[in-house]
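Atom set for the values below is all heavy atoms of this structure, side chains included, hydrogens, waters and symmetry mates excluded.
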Amino acid sequence: MAVVRLRAPLKQLVGGPEHTVEGASVGDLLVALEAEHPAIKGWILDERGVLRRHINVFVNGEPAAQDTAVGAEDRVDVLPALSGG
C-alpha cells in the first residue's frame with residue numbers, strides 16, 4: 001500500500017497528513033482516498049473523476065498524472081497549487 005501525503009487545507013478534511021491507501025495508479029489511490037474519507041470528495045477529483053487543475057501530484061518527488069503507476073513503497077504527495085504575488 002502506498003502512502004498518500006496531503007498538505008493543508010486538504011489534510012484537515014481527512015484528519016491528518018498521511019494515509020496508507022491501496023491502488024495500482026495515482027488515480028486509483030485518489031478514488032480510494034475519497035471512498036475512505038467522504039469529506040474530501042470533490043476537492044481533488046471533479047465529478048467526472050478527473051484530477052482538478054489546481055491539484056499537483058508527485059510520486060517520490062517527481063511530477064505525476066492520474067495514470068502514473070504506483071507500488072507499495074511509493075510516497076504520493078497531493079498539493080493544492082498556490083498563488084501569490
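In terms of heavy atoms, Pro9 sits closest to Pro80 at CD-CG, 3.9 Å. The two residues Pro38 and Ala35 come nearest to each other via the heavy atoms CD-O, 4.1 Å. Across Ala32 and Glu22, no two heavy atoms sit closer than the pair CB-O, 3.9 Å. Contact between Val59 and Ala64 at its shortest, heavy atoms only, is CG2-CB, 3.5 Å. In terms of heavy atoms, Arg7 sits closest to Leu79 at CG-CD2, 2.8 Å. Closest of all the heavy-atom pairs between Glu34 and Gly42 is OE2-N, 3.4 Å.
Ion pairing of Arg75 with Glu18 is present here, as a side-chain N (NZ or NE/NH1/NH2) and a carboxylate O approach within less than 4.0 Å. In this structure, Asp77 pairs ionically with Arg5, as a charged nitrogen and a carboxylate oxygen lie closer than 4.0 Å.
Using a 4.5 Å cut-off between side-chain heavy atoms of Ile, Leu, Val, Met, Phe, Trp and Tyr, with links allowed through other members, Leu30 and Leu13 fall into the same hydrophobic cluster. Follow the hydrophobic side-chain contacts under 4.5 Å out from Met1 and you never reach Leu6; the two are in separate clusters. No single ILVMFWY cluster, assembled from side-chain heavy atoms under 4.5 Å apart, contains both Ile40 and Phe58. The hydrophobic clustering, which links ILVMFWY residues whose side-chain heavy atoms are closer than 4.5 Å, places Val57 and Val3 apart.
Not a single donor-acceptor pair under 3.5 Å links the side chain of Gln66 to the backbone N or O of Ser25.
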* To do: Take Leu45 and Leu51 through the test side-chain contact (heavy atoms from CB on, under 4.5 Å) and record every step on the way to the result.
  => CA-CA 5 Å; Leu45 302 174; Leu51 189 65; 4.3 Å; yes
* **side-chain contact (heavy atoms from CB on, under 4.5 Å) between Val14 and His19, worked out** => CA-CA 9 Å; Val14 294; His19 301 273; 3.2 Å; yes
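Among Val21, Asp28, Val76, Val78, the one residue that satisfies the side chain to side chain contact (heavy atoms under 4.5 Å, CB included) test with Leu33 is Val21.
The distance from the CG atom of Asp46 to the CD1 atom of Ile55 is 11.5 Å, given to the nearest 0.5 Å.
For residues 53-62, every residue pair satisfying the side-chain hydrogen bond (donor to acceptor under 3.5 Å, both in side chains) rule, not counting sequence neighbours, is listed here: Asn60-Asp74.
Taking a 6.0 Å sphere around CD of Glu36, one finds it holds more than 12 heavy atoms contributed by other residues, nucleotides or ligands.
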